[in-house]
Amino acid sequence: MGITVAIIGAGPAGFYTVEALLERCQTVTIDIIERLPTPYGLVRAGVAPDHQSTKQVVRKFEQTALANLVHFYGNVEVGRDITIDDLLAQYDALVVAAGAPNDRMLGVPGEQLEGVYGASAFVGWYNGHPDFRDLNPRLSPSTVVIGNGNVALDIARILVKTPDEMAASDIPGYALDAIAAAGIETVHVLGRRGPANTKFAPAEMREIARLTDCTPLVDPADMPEDAADDDKVLKLFRSFSAVAPCGAHKRLQFQFFAAPEAIIGHAHVEALRYRRNRVEAGRLVATDAVCDIACGTVITAIGYRASPLPGVPFNADAGRVENINGRVDSRLFAVGWAKRGPTGVIGSNKPDGEHCAEQILAELGSDAAATARPGRAGLERLLAERQIRYVTFDDWRLLNEQEVTRADAPAPRRKFTSFAEMMAVLGAARRQRLG
């Protein structure tokens with residue numbers, strides 16, 4: 001008998017850890033425990049619905065999930081259905097790969113007003129995440145997106161694309177209809193620093209330049225005079241600064257050197273107030289200039305925080321699991337955003353998974369038979385005793401097949417977007433199998 005490992009979270013960090021363990025040990029059994037009935041984490045619920053090529057990484061994850069030594073237990077919530085102590089009693093090692101699903105707060109007056117949304121909630125809504133299916137955001141013709149990273153750019157792009165541009169995406173119909181009905185005219189993307197300090201990827205910026213019914217705009221005064229000629233993002237910003245707002249029905253206004261100070265309104269958002277910054281000797285300095293943007297929606301995309309798991313030490317200041325280079329405690333580890341905070345892209349989690357696998361094997365060796373921990377058998381016994389209806393990977397493949405089948409071309413799938421909907425489909429399939 002080899003070692004047994006349980007991984008909490010079926011996103012990229014979890015799958016890369018599974019992959020690394022399988023490569024390094026032929027006698028490891030691994031169980032992936034996921035709160036949702038669906039695997040793949042942010043690849044399914046965080047990657048923009050019009051970025052289907054990015055989502056193709058799930059093909060590799062599926063191969064990993066189908067390995068003989070791996071099982072998937074979806075619809076099982078750690079802290080509700082089963083505890084950390086339960087899992088440590090059943091498994092030789094436990095890995096927290098639950099990501100960072102909560103939004104960082106902006107910390108300005110008015111953030112509680114109707115019409116203010118964090119990126120995690122808003123992106124989850126237009127991606128069909130069950131937790132945010134009923135968000136029903138208050139969308140308006142003038143919208144402010146706060147942040148200068150790719151998530152902010154994704155949100156802005158989704159808001160200004162035409163239905164035809166979104167036809168080959170897997171955005172849920174309810175979100176597509178709501179965005180179309182909002183009559184969006186201008187999306188302002190705010191950043192505290194200048195164009196040279198954004199974290200936008202060149203590929204994502206090129207998408208902005210290709211929008212069919214939206215003009216991207218930049219104030220020429222915000223452009224640096226000494227920008228490198230080979231900086232692809234700055235070259236695009238420079239081209240945006242030379243464009244007059246004409247022809248297209250929508251505008252995407254990049255607002256630089258703008259530090260949010262307050263969200264103004266009574267029952268709901270009416271404006272966003274910001275203070276202009278300037279750069280002095282390489283440092284950002286606040287000026288006396290204060291400006292208001294009339295708007296009805298504010299979306300913050302300024303970072304994420306992990307959720308505390310009962311029984312796992314948590315660093316509230318950093319918003320992540322308390323760990324030293326991925327090690328939390330004896331037999332307890334963390335990977336991905338739960339370990340290091342929300343940084344990097346999907347592939348950035350691969351080194352975490354490899355390092356975690358090496359830590360586990362260094363601590364336990366390749367054979368932990370002497371521990372007599374039951375692993376998978378113990379987990380299934382506990383789930384049966386507590387009457388937890390878990391979702392297997394075969395169940396997920398059935399859901400996936402039905403999502404693909406019920407889509408209208410060119411959309412790749414039409415997602416199930418609620419727990420009840422998914423469990424009803426699986427229940428019907430089970431009854432049919434039993435006759």
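Numbers here simply count residues along the sequence, with the first being 1.
- Partners of D103 by side chain to side chain contact (heavy atoms under 4.5 Å, CB included), not counting sequence neighbours, listed by chain and number: A119, S120, A121, Y304.
- Atom CZ of R80 sits in a crowded spot, with more than 12 heavy atoms from other residues, nucleotides or ligands closer than 6.0 Å.
- Evaluation of the side-chain hydrogen bond (donor to acceptor under 3.5 Å, both in side chains) rule for D213 yields H249 as partners, not counting sequence neighbours.
- Applying the salt bridge (Lys or Arg N to Asp or Glu O under 4.0 Å) test to every pair with at least one member in residues 150-165, sequence neighbours left out, gives these pairs: D50-R157, D50-K161, D154-R157, R157-E204, R157-E207.
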Return a table of donor-acceptor pairs under 3.5 angstrom between the side chains of residues 172-190 and protein atoms on other chains or two or more places apart.
| unit_1 | atom_1 | unit_2 | atom_2 | d |
| --- | --- | --- | --- | --- |
| Y174 | OH | W125 | O | 2.7 |

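- Taking the six-membered ring where the residue is Trp, F237 and F256 present perpendicular rings, their angle passing 60° and hence far from 30°.
- In this pair, Y126 and F122 present their aromatic rings perpendicular. The plane angle is above 60°, beyond the 30 to 60° band.
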(message) side-chain contact (heavy atoms from CB on, under 4.5 Å) for V328 and K339? Distances and angles first, verdict last.
(response) CA-CA 9 Å; V328 180; K339 166 192 171 182; over 6 Å; no
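- Here OG1 of T17 is found 9.5 Å from CD of E354. Values are rounded to the nearest 0.5 Å.
- Judged as a ring-ring contact (aromatic ring centres under 6.0 Å, His included), not a single pair has a partner in residues 94-119 (not counting sequence neighbours).
- With sequence neighbours left out, the side-chain hydrogen bond (donor to acceptor under 3.5 Å, both in side chains) criterion links S348 to no other residue.
- With sequence neighbours left out, N197 forms a side-chain hydrogen bond (donor to acceptor under 3.5 Å, both in side chains) with no residue at all.
- Donor-acceptor pairing under 3.5 Å is lacking for the side chains of R133 and S418.
- Atom CD of E358 is surrounded by more than 12 heavy atoms from other residues, nucleotides or ligands within 6.0 Å.
- Partners of Q52 according to the side-chain hydrogen bond (donor to acceptor under 3.5 Å, both in side chains) rule, which considers only residues two or more places apart in sequence or in another chain, are D170.
- Atom CG of residue N400 and atom NZ of residue K415 lie 11.0 Å apart, to the nearest 0.5 angstrom.
- Nearest heavy-atom pair, L113 versus H266, reported as atom, atom and distance to 0.1 Å: CD2-O, 2.9 Å.
- For CD of Q387, the number of neighbouring non-hydrogen atoms (other residues, nucleotides, ligands) closer than 6.0 Å is 12 at most.
- Judged as a side chain to side chain donor-acceptor pair (under 3.5 Å), the pairs with a partner in residues 29-38 (not counting sequence neighbours) are, in order, D31-Y91, D31-R376, R35-D131.
- The only member of W396, Y73, F72 that meets ring pair (Phe, Tyr, Trp, His ring centres under 6.0 Å) when paired with Y390 is Y73.
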(request) Could you walk me through whether E401 and R397 pass salt bridge (Lys or Arg N to Asp or Glu O under 4.0 Å), step by step? (result) CA-CA 6 Å; E401 181 182 343; R397 294 179 82 189; over 6 Å; no
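- Heavy-atom minimum distance, G149 versus F200: O-CE2, 3.2 Å.
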Just distance, no hydrogens or angles: give the donor-acceptor pairs under 3.5 Å from side chains in residues 311-319, sequence neighbours left out.
| unit_1 | atom_1 | unit_2 | atom_2 | d |
| --- | --- | --- | --- | --- |
| N315 | OD1 | D317 | N | 3.1 |
| N315 | OD1 | A318 | N | 2.9 |

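- Counting only residues at least two apart or on different chains, the salt bridge (Lys or Arg N to Asp or Glu O under 4.0 Å) pairs with a member in residues 327-336 are R327-E363.
- Qualifying side chain to side chain contact (heavy atoms under 4.5 Å, CB included) partners for K60, counting only residues two or more places apart in sequence or in other chains: E19, Q63.
- Rounded to the nearest 0.5 Å, atoms CD (Q26) and CZ (R24) are 12.0 Å apart.
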